Amino acid sequence: MLAKLRISKLVSYTLPRRIFERRFLVTNNAFSKAEESTVVTGESPELPSWVKDFLSNKPSSSSVSNDDEDFVIPSLASWVESQKFNSKQVSEGNVVKKPMEDIDKVCEFLNKKDASYGNVFNELSKCDVVVTESLVLQVLRRFSNGWNQAYGFFIWAKSQTGYKHSAQSYNAMVDVLGKCRIFDLMWEVINEMKRSEESGLVTLDTMSKVMRRLAKSGKYSEAVDAFLGMEMSYGVKTDTNAMNSLMDALVKENSIEHAHEVFLKLFDTIKPDARTFNILIHGFCKARKFDDASTMMDLMKVTEFTPDVVTYTSFVEAYCKEGDFRRVNEILEEMRENGSNPNVVTYTIVMHSLGKSKQVAEALGVYEKMKEDGCVPDAKFYSSLIHILSKTGRFNDAVEIFEDMTNQGVARDVLVYNTMISAALHHSRDEMALRLLKTMEEEACSPNVETYAPLLKMCCHKKKMKLLGILLHHMVKNDVSIDVATYILLIRGLCNSGKVEEACLFFEEAVRKGMVPRDSTCKMLVEELEKKGMAEAKLKIHSLVQSKTQDSHSPLSVA
DNA sequence: ATAGGGTTAG
């Protein structure tokens, strides 16, 4: 009943737009504050204390200064310092002194300035923690973009008496090295897994990660070779399931060609199943090769398999991307005739595409149609809906949908939060965005890099340096590793705001971690330094880039 | 892990 009411209310907005316009006309802050007093996203007239905390970096501060432009953010490696600063603040106020957690102790050692050049292993010998599997997994997550720190810790952990790496820890290490493209070391770890007295450590799980990472780096042939050799070398069966995993990796990383080749080559030895065909059809559709996709569907039929929702949905998506909605409708009809009704994924794709091409009324019509069909929306669907509403200027409707989700029995996930945070920032609702980040914590929904990216961008743009520092710290606390994309975002954003010194700090830090930003970013930084006549800094950047491009990863010296 | 997101734009 309630749901029904809401939909009609939503759809009615598209025609009269009365309510919407009324809200929109009022730009006065006070009014919007009074009108929205909802639990999650509302803005209160008084800054809530946690926002103050967020903004002040210490518990219960009195006021928020506006001059945070002048605040110079410490380089990332000295977060530990600021962390100490924090705990001092706390212990002054409270009698109880919180003991430092093991993860933070490890973090402190790994962040020592010289650690990445020198010996992480030796540094850690002074670190007084008890290694457990969960600690290892947490460290690997927190340093998933800093392979030499992660690897140094990994080696050290292995040397600790009473501890042995589990299959999960090994797989996590393999994945970190693959992510950072340190493939030779990655294979070394895999071979070590094989040699271990504990047998069966290398599994399809391990090899799937390897294939995915290789494909992601454009090393398609190597991914295929890894598959072909894995039974012989590591005893991992090359069955249908494993082949699907390989083809999925190839297709997802944009090489339908390699996937197709594998398919033809292995057709006689490994029996394909319906999933195999769906993966290939998806790949062809993604590459806009409609003829090949159709041929594959015919082959699928001949080979005793029937096209299903997934098969048709791949075509639906491809035609959506072409903007050919007439063809989309034809396929939807065909699906129903063949007894594969569109499901929530199909509807999400159609709605999202319509919204993207500014056909909002039609997009909302899909929402109606879906409910009529008895198809229940899920979190990803809501995320799309929120996004298109926000993008078409209907932010309040987006907020309404966001808040109604849980009433509809759908839990909000990271993607939904990320979408809502981006939307809020897009509509200059900075406070709401921060409030949403806080709500994630309360709902035990872990943020990821994408959660922080738009917030960091806002900080750079508005020169909110204090908040920037706090957010970066927040990331570390939540085990979100800073990746190249984030460094690029920071460097470019800070350059644009004339904060070259800070941009340089981040640049140096990125290089120190073995992540060299692209040429365009380096150029931007150098030009900015030239403009400001900072010749010395310019030279430093130049030499940093050169030293790092010569040996892309300095080998780690571990005993 | 077979199909769905955003990201980044002055």
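None of the values given here were measured: they were computed from a predicted structure. In what follows, every chain begins at residue 1, and chains take the letters A, B, ... in the order their sequences are listed.
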When you check the phosphate oxygens OP1 and OP2 of B:dG5, does a side-chain N or O of A:K356 lie under 4.0 Å from one of them? no
Would a distance-only check, ignoring hydrogens and angles, find a side-chain to backbone donor-acceptor pair under 3.5 Å from A:S255 to A:L250? no
[X] [atom1] to [N] [atom2], straight-line distance once rounded to whole Å:
{"X": "A:I488", "N": "B:dA9", "atom1": "CD1", "atom2": "C1'", "answer": "15 Å"}
{"X": "A:Y417", "N": "B:dG5", "atom1": "OH", "atom2": "C1'", "answer": "17 Å"}
{"X": "A:H387", "N": "B:dT7", "atom1": "NE2", "atom2": "C1'", "answer": "9 Å"}
{"X": "A:K252", "N": "B:dT2", "atom1": "NZ", "atom2": "C1'", "answer": "7 Å"}
{"X": "A:H426", "N": "B:dG10", "atom1": "NE2", "atom2": "C1'", "answer": "13 Å"}
{"X": "A:M351", "N": "B:dA3", "atom1": "CE", "atom2": "P", "answer": "19 Å"}
{"X": "A:M458", "N": "B:dT8", "atom1": "CE", "atom2": "C1'", "answer": "17 Å"}
{"X": "A:I491", "N": "B:dT8", "atom1": "CD1", "atom2": "C1'", "answer": "16 Å"}

Heavy atoms only, 4.0 Å cut-off, all strands: where does A:V251 land among base, sugar-phosphate and nothing?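 Since no nucleic acid heavy atom lies under 4.0 Å of A:V251, the category is nothing.
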Could you check whether A:Y347 gets within reach of a base, just the sugar-phosphate, or nothing at all, counting any heavy atom under 4.0 Å?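 Here A:Y347 touches no strand at all.
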Any side-chain donor paired with an acceptor under 3.5 Å for A:S384 and A:T348?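 No donor-acceptor contact under 3.5 Å links the two side chains.
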Determine whether the side chains of A:D298 and A:T295 contain a donor N or O and an acceptor N or O closer than 3.5 Å. no
Among [options], which nucleotide has an atom closest to any side-chain atom of [X]?
{"X": "A:N343", "options": "B:dA3, B:dG5, B:dT2", "value": "B:dA3"}
{"X": "A:D378", "options": "B:dT7, B:dG4, B:dA3", "value": "B:dG4"}
{"X": "A:D248", "options": "B:dG5, B:dT8, B:dT2", "value": "B:dT2"}
{"X": "A:L415", "options": "B:dT8, B:dA3, B:dG5", "value": "B:dG5"}

If you take atom types as modelled and just measure distance, does the side chain of A:N244 reach the base of B:dA1 with a donor-acceptor pair under 3.5 Å?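 Answer no: no donor N or O sits under 3.5 Å from an acceptor.
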Do the side chain of A:N496 and the base of B:dG10 come within less than 3.5 angstrom through a donor-acceptor pair of N or O atoms? no
Applying salt bridge (Lys or Arg N to Asp or Glu O under 4.0 Å), can you list everything that pairs with A:K219, at least two apart in sequence or on another chain?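 Not a single residue meets the salt bridge (Lys or Arg N to Asp or Glu O under 4.0 Å) criterion with A:K219.
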Between A:Y382 and A:Y367, is the gap from one ring center to the other below 6.0 Å? no
Quick check: A:H474 with A:Y452 (ring centres under 6.0 Å apart)? yes
If you look only at distance, which donor and acceptor atoms sit under 3.5 Å apart when one is on a side chain in residues 272-286 of chain A and the other is two or more places apart or in another chain?
residue : atom : partner : partner atom : Å
A:D273  : OD1  : A:N244  : ND2          : 3.1
A:D273  : OD1  : A:R275  : N            : 3.1
A:D273  : OD1  : A:T276  : N            : 3.0
A:D273  : OD1  : A:T276  : OG1          : 2.8
A:T276  : OG1  : A:N244  : OD1          : 2.7
A:T276  : OG1  : A:D273  : N            : 2.9
A:T276  : OG1  : A:D273  : O            : 3.3
A:N278  : OD1  : A:T311  : OG1          : 2.6
A:N278  : ND2  : A:D308  : OD1          : 3.3
A:K286  : NZ   : A:V251  : O            : 3.2
A:K286  : NZ   : A:K252  : O            : 3.2
A:K286  : NZ   : A:N254  : OD1          : 3.2

Which of residues 272-300 of chain A sit near DNA chain B, with a heavy atom under 4.0 Å from it?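 A:R275, A:N278, A:I279, A:H282 - these, ordered by number, are the residues of the stretch whose heavy atoms sit under 4.0 Å from the strand.
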